[in-house]
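Each chain gets a letter, A, B and so on, in the order the sequences are listed, and its residues count up from 1.
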Amino acid sequence: MSALFTLLRRDLALLMPGSTGGGGRRGGTMLPLLFFLAVAMLYPFAVGPDAPLLARTGGGVIWVAALLAAILPLDRLLAPDMEQGFFDQWALRGISEEMVVAVRVLAHWLSFGPPLMLATLPASALLGIDGETLRLVELGLLAGTPGLAAIGIIIAALTVSLRSGAALSGLLVIPLAVPLLIFGAGSLSTGGEGGLALAAAISLALVAAAPFAAGAAIRAAREG
Amino acid sequence: MKECRLAAHDLACLRGERLLFRHLSLSLFPGEALHLAGPNGIGKSSLIRILAGLRRPYAGDVQRDGAIGLLDEHPALDEHLPLAKALRFWEHLDGSTAAGWDSLGLERLRDVPVRYLSTGQRKRAALARLAGQQAPIWLLDEPLNGLDSDAVAHCERMVAEHCAAGGIAVIASHQPFTMAGLTRLMLAEHAL
């Protein structure tokens, strides 16, 4: 149990936005958040000051921005630990890859899910989204971001030993995230809770599968 | 120290298309140390990783009784953290304290971020981590790389003390390793 907490504390120190890692700065932790807000800020400039259009499409833009922001931290999710021999040392201590990944999914989600939900408040003001849509976007992000975190970890594990993994992982995440986007953002146009429930179901399945898929990928990378 | 044993039977290692060595057997009892010698690329590191269980042998099997401590070219310390904090992560996991701060000359590096440490200093830090882990079986891959003569002597003394306390050590190194009762295995004799 204490190993779990030790791992989680390290992961949070590395991943949380603005965290200093308990010492010198590893850096880049604020980037996804700033990227997300930048998209929300640029969109009105691009389509013009048409309030009804912005309000109608704003929810979808927030979803796309959230998805793209989730891609940014992928290259430092697992690859540095692999390169620096952490996974070898954990394996020798009987700490399985599955456990490390499960903890990291949680830390990764905590580092971008809730902050994005918070950042959605100013973003919705920039886009002129009304209260009901904002509620659906927030609920959708709550349901969908754990799934995005799980996809991110799986892809990061699959590309962990590739030299240009960062660019490739971004491309690989997008098709996998489409179902989440369809149901999560789709709930905005249908106004129904059904889409949210489906997005949450996909998220749960992804979160449950992520430790095993990513764990196997990491072991395979080690053999190579 | 707990009873430990490390044995390998008829190992072969395939790297890419190339068979690095075959028909390699070894057996180590408490207090014994083995020096894997041979030129670069002969498969010393691969053998260490096979013995550690981090890599599957192409043929043969390995039996290990007792926890494994591994020292290789990766110190597994967070680059951005001060050395003391980076080591504390492993102290928490191992439930012990990293040993030999003073004798390894790490005391004055406590607050220096790991990324500013030299190769030899990283190696010393990894040695402190290994000593703190208290694993009965030590697998050391090029432990002397980057170490100055004082640190080399200290490393040799650490391994000798570990074995005297009933531990097992396997040292893969192309450099000479001075220690009483060290058996030597020339990997070249098993190469193709």
Count the heavy atoms of every other residue, nucleotide or ligand shown that sit under 6.0 Å from NE2 of His9(B), and state whether that count exceeds 12. no
Value rounded to 0.5 Å, distance of NE2 in His80(B) from CG in Leu14(A): 5.0 Å
Kindly indicate, with the supporting measurements, whether the criterion side chain to side chain contact (heavy atoms under 4.5 Å, CB included) is fulfilled by Gln84(A) and Leu77(B). CA-CA 7 Å; Gln84(A) 289 162 18; Leu77(B) 297 168; over 6 Å; no
Does the plane of the ring in Trp90(B) sit parallel, tilted or perpendicular to the ring in Phe86(A)? Use 30° and 60° as the thresholds. parallel
Output, in order, the C-alpha distance, side-chain angles, deciding distance and verdict of side chain to side chain contact (heavy atoms under 4.5 Å, CB included) for Arg49(B) and Arg222(A). CA-CA 10 Å; Arg49(B) 289 182 71 78; Arg222(A) 179 186 290 141; 3.4 Å; yes
Taken to the nearest 0.5 Å, the spacing of Gln89(A) CD from Gln133(B) CD works out to 6.5 Å
Can you measure from CG (Asp81(A)) to CG (Asp78(B)) and round to the nearest 0.5 angstrom? 7.0 Å
Using non-hydrogen atoms only, which part of Asp72(B) is less than 4.5 Å away from chain A: side chain, backbone, both, or neither? side chain
Please indicate whether Arg184(B) has more than 12 foreign heavy atoms, meaning atoms of other residues, nucleotides or ligands, lying under 6.0 Å from its CZ. no
The interface call for Arg9(A) against chain B, heavy-atom contacts under 4.5 Å, is side chain
Using 0.5 Å steps for rounding, measure from the CE atom of Met82(A) to the NE2 atom of His74(B). 9.0 Å
What parts of residues 50-71 of chain B touch chain A if we use heavy atoms and a cut-off under 4.5 Å? Ala52(B), Leu54(B), Arg55(B), Arg56(B), Ile68(B), Leu70(B)
